[in-house]
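Read through the structure below, which is laid out as structure tokens, and then see the notes.
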Number of protein chains: 2
Amino acid sequence: MERLNLKTVEKLAKEHGMKMTPQRRAIIMYLQSAKNHPTPEDILKVVNRRFPMASRATVYNTINWLKERGLLKEIFEGGIMRLDPNFHSHHHFICRKCGKVEDIEFEMVPDIDVTELSRIGAVENFELTFRGLCKNCQLK
Amino acid sequence: MERLNLKTVEKLAKEHGMKMTPQRRAIIMYLQSAKNHPTPEDILKVVNRRFPMASRATVYNTINWLKERGLLKEIFEGGIMRLDPNFHSHHHFICRKCGKVEDIEFEMVPDIDVTELSRIGAVENFELTFRGLCKNCQLK
DNA sequence: TTGATTGCAAACGGTTTGCATGGGA
DNA sequence: TCCCATGCAAACCGTTTGCAATCAA
């Protein structure tokens, strides 16, 4: 499994005696289908376009609950939180103008040999962050 | 290794008609000698241990002024700003236990071909973030 | 002299918390 | 029924801003 999905969460919730509410389902369904990397405010806005509505507190509650279980990663760009429902190892491109974060498949960048870094610490994983202008902002 | 230093800043300030105050000098001198990656609050605390003192506003002013000129990079880890006075292109190792950020020389990791990424955007630079356990935390 | 910089405090924006009410299991 | 989750609003915390006083050039 490489991406947040409702079924997994329902199962986990049952195992941990946690309640699945309509609000949580709505938030998770939005996240599992999100193409971009939404901020908590994005989630609030989209989820509240139709029933069931969720408060800011509920959005943050749910996000943190998912993060604790490793079902959601966070990316901080310019100090604001963006959520990444894709937990397959991958990299990011961040536009310096509009702040958009795009996924880059792991396979698109060559392997990196981490044995040289053993004198600094035990490397468990790594990610690449590319910065520049996205296609959209290039045109303007 | 290129690093923030007072002399460079003094020169730039003169060129741009900017004033060097004792507060700015104190902040810059701390940053140029900082071994770690201090937060704005760290800077405030250290600088205010002796004359000249600087207010929070002055610390942020100076930080932003340096960032705009590329003399200081920012790293966001867990949503808080850390300043990196090393502006030679380099990478980071972040310990998942103690949160320490260590610099990794650019030369220690192989070149990455970014031409493949042109369909996503114009890549201007990139950085690698390695995560794992630092030497210190491995021993415990 | 003069306009950039300072300190202070208030404002700001994103995130968290406290508490009474509501609703899954 | 029994808690967990919710909504609301206040609190919180790091960062920014407005403004009068100050000081580098």
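Below, chains carry the letters A, B, ... as their sequence lines are ordered, and counting in each starts from 1.
Considering only side-chain N and O atoms, B:Arg24 lies under 4.0 angstrom from the phosphate OP1 or OP2 of C:dT5. Listed pair B:Thr58 / C:dG7 meets the phosphate criterion, a side-chain N or O lying under 4.0 Å from OP1 or OP2. In this structure, A:Thr21 does not reach the D:dA5 phosphate: none of its side-chain N or O atoms is under 4.0 Å from OP1 or OP2. Put simply, B:Gln23 has a side-chain N or O that comes within less than 4.0 Å of OP1 or OP2 on C:dG7.
The residue B:Glu41 sits apart from the nucleic acid: no heavy atom pair falls under 4.0 Å. At a threshold of 4.0 angstrom between heavy atoms, the contacts of B:Pro52 with the nucleic acid are absent.
With respect to A:Asp84, the side-chain contact (heavy atoms from CB on, under 4.5 Å) criterion is satisfied by exactly one of A:Glu74, A:Arg3, A:His90: A:His90.
If you take OH of B:Tyr60 and C1' of C:dT5, they are 18 Å apart, rounded to a whole angstrom. The CG-P distance, from B:Leu44 to C:dT6, rounds to 13 Å in whole Å. Taking atom CZ of B:Arg25 as the reference point, atom C1' of C:dA4 lies 14 Å away to the nearest angstrom. We find that CZ of A:Phe76 is positioned 14 Å from C1' of C:dG13, with the value rounded to whole Å. Distance, A:His16 NE2 to D:dC3 P: 20 Å, rounded to whole Å. Put simply, NZ on A:Lys14 is 8 Å from P on C:dA25, counting in whole angstrom units. Note: CE (B:Met81) to P (C:dG13) measures 16 Å, nearest angstrom.
For the segment residues 61-68 of chain B, residues with any heavy atom less than 4.0 angstrom from an atom of DNA chain C are, sorted by number, B:Asn61.
The side chain of A:Ala57 lies closest to C:dT17, out of D:dT15, C:dT5, C:dT17.
Proximity of the aromatic rings of B:Phe106 and B:His91 is defined here by a centroid distance below 6.0 angstrom, and this criterion is met. Between B:Phe130 and B:Phe93, the ring centre distance reaches or exceeds 6.0 Å.
In the hydrophobic clustering (ILVMFWY side chains linked at under 4.5 Å, chained through shared members), B:Ile80 stands by itself.
For a distance-only test at 3.5 Å, the side chain of A:Lys19 qualifies as a donor-acceptor partner of the base of D:dC3.
Residues passing the salt bridge (Lys or Arg N to Asp or Glu O under 4.0 Å) test with A:Lys100 are A:Glu102, sequence neighbours excluded.
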